[in-house]
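Sequence lines set the chain letters: A, B, ... in the order given, protein chains first and strands last, and positions in each chain run from 1.
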There are 2 protein chains.
Amino acid sequence: MTALNERKQKILHAVVTDYIVTAEPVGSRTVSRRYHTDLSAATIRNEMADLEELGYLTQPHTSAGRIPSQQGYRFYVDSLMGVAPLAPEEEKYLSGVYLQLRKMKEIDQIIQHTAKALSLITNYTSLVLGPQLRRSTLKQLHLVPLSEERALVVLITDTGFIKNKIIELPQALNEDELSRIVGYLNEQLAGKSIELLSAAQLKQLRSELFHKMDLLEQMLLLLDESSSESESRVFLGGTSNILNQPEFKDLEKVKHLLALFEEGERLSFMLETTMDGVSIRIGTENRLSEMNECSLVTATYMLHDRPVGAIGVLGPTRMEYAKVVTVIEKISNKLNHLLDVL
Amino acid sequence: MTALNERKQKILHAVVTDYIVTAEPVGSRTVSRRYHTDLSAATIRNEMADLEELGYLTQPHTSAGRIPSQQGYRFYVDSLMGVAPLAPEEEKYLSGVYLQLRKMKEIDQIIQHTAKALSLITNYTSLVLGPQLRRSTLKQLHLVPLSEERALVVLITDTGFIKNKIIELPQALNEDELSRIVGYLNEQLAGKSIELLSAAQLKQLRSELFHKMDLLEQMLLLLDESSSESESRVFLGGTSNILNQPEFKDLEKVKHLLALFEEGERLSFMLETTMDGVSIRIGTENRLSEMNECSLVTATYMLHDRPVGAIGVLGPTRMEYAKVVTVIEKISNKLNHLLDVL
DNA sequence: TTTAGCACTCTAAACTTACGAGTGCTAAAC
DNA sequence: GTTTAGCACTCGTAAGTTTAGAGTGCTAAA
């Protein structure tokens, strides 16, 4: 792939940015007039023909303007686009949201409001992956007796996540024994990453406490569940925003996307795969076929310097990448700060 | 409003059922041929003109067939429609789902799977309102010390619902005092309906324990939150199903509905308002303007003979009412049985 | 190397036409 | 008096037709 000279880059930049706002194929005349006054339309025309040959632009049909190809967007995102600052009122809005959130410590609320803010400010659909149990560290394990036969296991992580489960007690146990077991488990497990609680380690524990099998099994089951994938806590915001995009006037595409939105598993997979910095996946770079005409911008957020979750914005490939990246960075930062205090 | 003679009722029935499956205006010829061979099209025509005059049918335009008006659907639902039995494979599917669910005691999973089953079997969008804290009875209140300054309050209801909240401890308290307070609160509150924990009662508690203000305030706050509306736990299933309905080929309508789907508050309001038996609300009978072209069939489900939540199916006014009612009844029953064991 | 000019292409929108399903009315039949 | 056949009329949809205009590629001159 030949490197693009500066002029071609400028023209590509013009086509991409214009198409992003207008959603209409961009003609040589438009580029010449609106972006690059010192060249004639004819010259632009030649360059655009070259850019098409090189794979950066395509023509919907013979006598229409050009639109960026996936490769075109990729080049734009990698080398061309600058930083789009937020409007003052957008900044203000975000600050307001996170000032509010500082008061409520419920992680679910934080996540949900983040999804809402993200979609509101970008006008796209937002996805937020809640702190993954798997990526958290066990802080404390508690056993709250409920009755003779039942107890509540409370699992608390450093991410502030709390998971409950009711278990059946073997009747043979008295209170002392119980608290001894719990104490022992805490000793052994506290501070360990839930993901890294390897099968081996759990197995060892199992054998160490083999005489209290029943009880232990149940508590360990909770851990197993926690470290498994099944926890797909993805929150969406602004799902109706996709309908604002002209590329989704086709109901079939919308239907597929909406159906995808209900599949938490697959969504969280999309968000989990990129686990550092801001990532942009364009069109078919997303593995899911439903998203072949979409782009997904994601970033992770941290707790204690470890990535524990992710936020993302889903829009058409014709997306305002620069702005979205700014917003994503800003929000993931705010989220980091917010969680640090937690 | 004149009562309809039997023939008119038969014709109205024919028009409604035909329109429900075809989504096309129904002509006199169709009724005569497909439903009522012993009368000519001309006769049907006259009757249909009458039915229109009476407000049960409308014409989209002068020379088209008739479609049921809202009043027409209402009459159909109240007096005409019979009981639609489920297909054996549908029965089997439902039994399978609830056999599975019997194993997992997590209320959230039960709710979510119910939503999924409901939408899958009806091909409409389903709404499920989780057990309302407000409608539950307090079973136990626990305080789990986390550190010097923090503790976890665990609130357990008879509906199996568990709510956690982290509170800050006033340092002046030692463990004994804590457990005494918690013991006292349990004594006072256990078995009480959370909704009926009146402001007065809470106030009394506040004064009784006024010297431990700080701590108490925080625990009572949890109760306040629980009894307030803010808990809008509505789960949706099959949101993409609305796009299968020809009446929603218009993107604007879909957009409004999708946006509504994100407003948990308003949705749960819709479900809460009908709190006994199966209720059918057609078109503008729903208060929300977004739902003026939809029908909502809802039913409550019970725990210990008290309604604690609701399930619902949302579709176009041209809905398979008979089948939906059967499904809703069946599922709410299964849910009742499932929760009884809990 | 750039640009003006021009013939050519192709879509989208506007307009026309044709078809057919369905109606309401009238007058005859039961 | 009720039912039905017949018929002229309405109106929306779908299928063609036309037109306008935006944009292109190519050629030849600057």
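- In this structure, the CD atom of B:Glu47 is 14 Å from the C1' atom of D:dT4, given to the nearest Å.
- A:Arg74 has a carboxylate O that lies under 4.0 Å from a charged side-chain N of A:Glu285, or vice versa, which qualifies the two as a salt bridge.
- Closest to the B:Met48 side chain, of the nucleotides C:dT3, D:dG23, C:dT23, is C:dT23.
- Pairing for C:dC19 is with D:dG12, a Watson-Crick or G-U wobble pair whose two hydrogen-bonding atom distances lie under 3.5 Å.
- The base of D:dG25 sits with one of its N or O atoms less than 3.5 Å from a complementary donor or acceptor on the side chain of A:Arg45.
- Remark: the backbone N or O of A:Leu120 is not paired with any side-chain donor or acceptor of A:Tyr124 at under 3.5 angstrom.
- Contact annotation: A:Arg7 reaches the phosphate of C:dT2 (side-chain N/O to OP1 or OP2, under 4.0 Å).
- Checking D:dT4, C:dT11, D:dC11 against every side-chain atom of B:His61, the shortest atom distance belongs to D:dC11.
- Of the candidates A:Ile67, A:Ile11, A:Leu51, A:Leu51 is the only one forming a side chain to side chain contact (heavy atoms under 4.5 Å, CB included) with A:Leu57.
- One can place CG of B:Asn46 at 9 Å from P of C:dC25, the figure rounded to the nearest angstrom.
- Using N1 to N3 plus N6-O4 or O6-N4 for Watson-Crick, or N1-O2 and O6-N3 for G-U wobble, each under 3.5 Å, C:dT9 pairs with D:dA22.
- Base pairing annotation: D:dT27 forms a Watson-Crick or G-U wobble pair with C:dA4, both donor-acceptor distances under 3.5 Å.
- One interatomic measurement links the two molecules: CZ of A:Arg33 to P of C:dT3, which rounds to 16 Å at whole-angstrom precision.
- Atom C1' of nucleotide C:dC10 and atom CD of A:Gln59 are separated by 11 Å, given to the nearest angstrom.
- Side-chain contact between A:Leu80 and A:Val16: absent, with no pair of heavy atoms (C-beta onward) separated by less than 4.5 Å.
- When the side-chain nitrogen and oxygen atoms of A:Thr43 are compared with OP1 and OP2 of C:dT3, one or more of them lie within a distance under 4.0 Å.
- In this structure, the CG atom of B:Asn5 is 11 Å from the P atom of D:dT2, given to the nearest Å.
- Taking every side-chain heavy atom of A:Ala49 into account, D:dG25 is the closest of C:dT3, D:dG25, D:dT24.
- Ion pairing between a basic and an acidic side chain is recognised when a charged N comes within 4.0 Å of a carboxylate O; A:Lys255 and A:Glu252 show such pairing.
- Using a 4.0 Å cut-off, some side-chain N or O of A:Thr62 falls inside it from OP1 or OP2 of C:dC10.
- Under 4.0 Å is where a charged nitrogen must lie from a carboxylate oxygen, and between A:Arg266 and A:Glu263 at least one such pair does.
- When each of D:dT24, C:dT23, D:dG25 is scored by its nearest atom to the side-chain atoms of B:Arg66, the top-ranked nucleotide is C:dT23.
- In this entry the distance linking CG of B:Asp18 with C1' of C:dA21 reads 14 Å, nearest Å.
- Summarising the geometry, the separation between CD on A:Glu52 and P on D:dG25 is reported as 7 Å, rounded to the nearest angstrom.
- If you check distances only, the side chain of B:Ser63 does reach the base of D:dT10 with a donor-acceptor pair under 3.5 Å.
- We find that CZ of A:Arg29 is positioned 11 Å from P of C:dA4, with the value rounded to whole Å.
- With C:dG22, D:dT24, D:dT4 as the choices, the nucleotide that has an atom nearest any side-chain atom of B:Leu39 turns out to be D:dT4.
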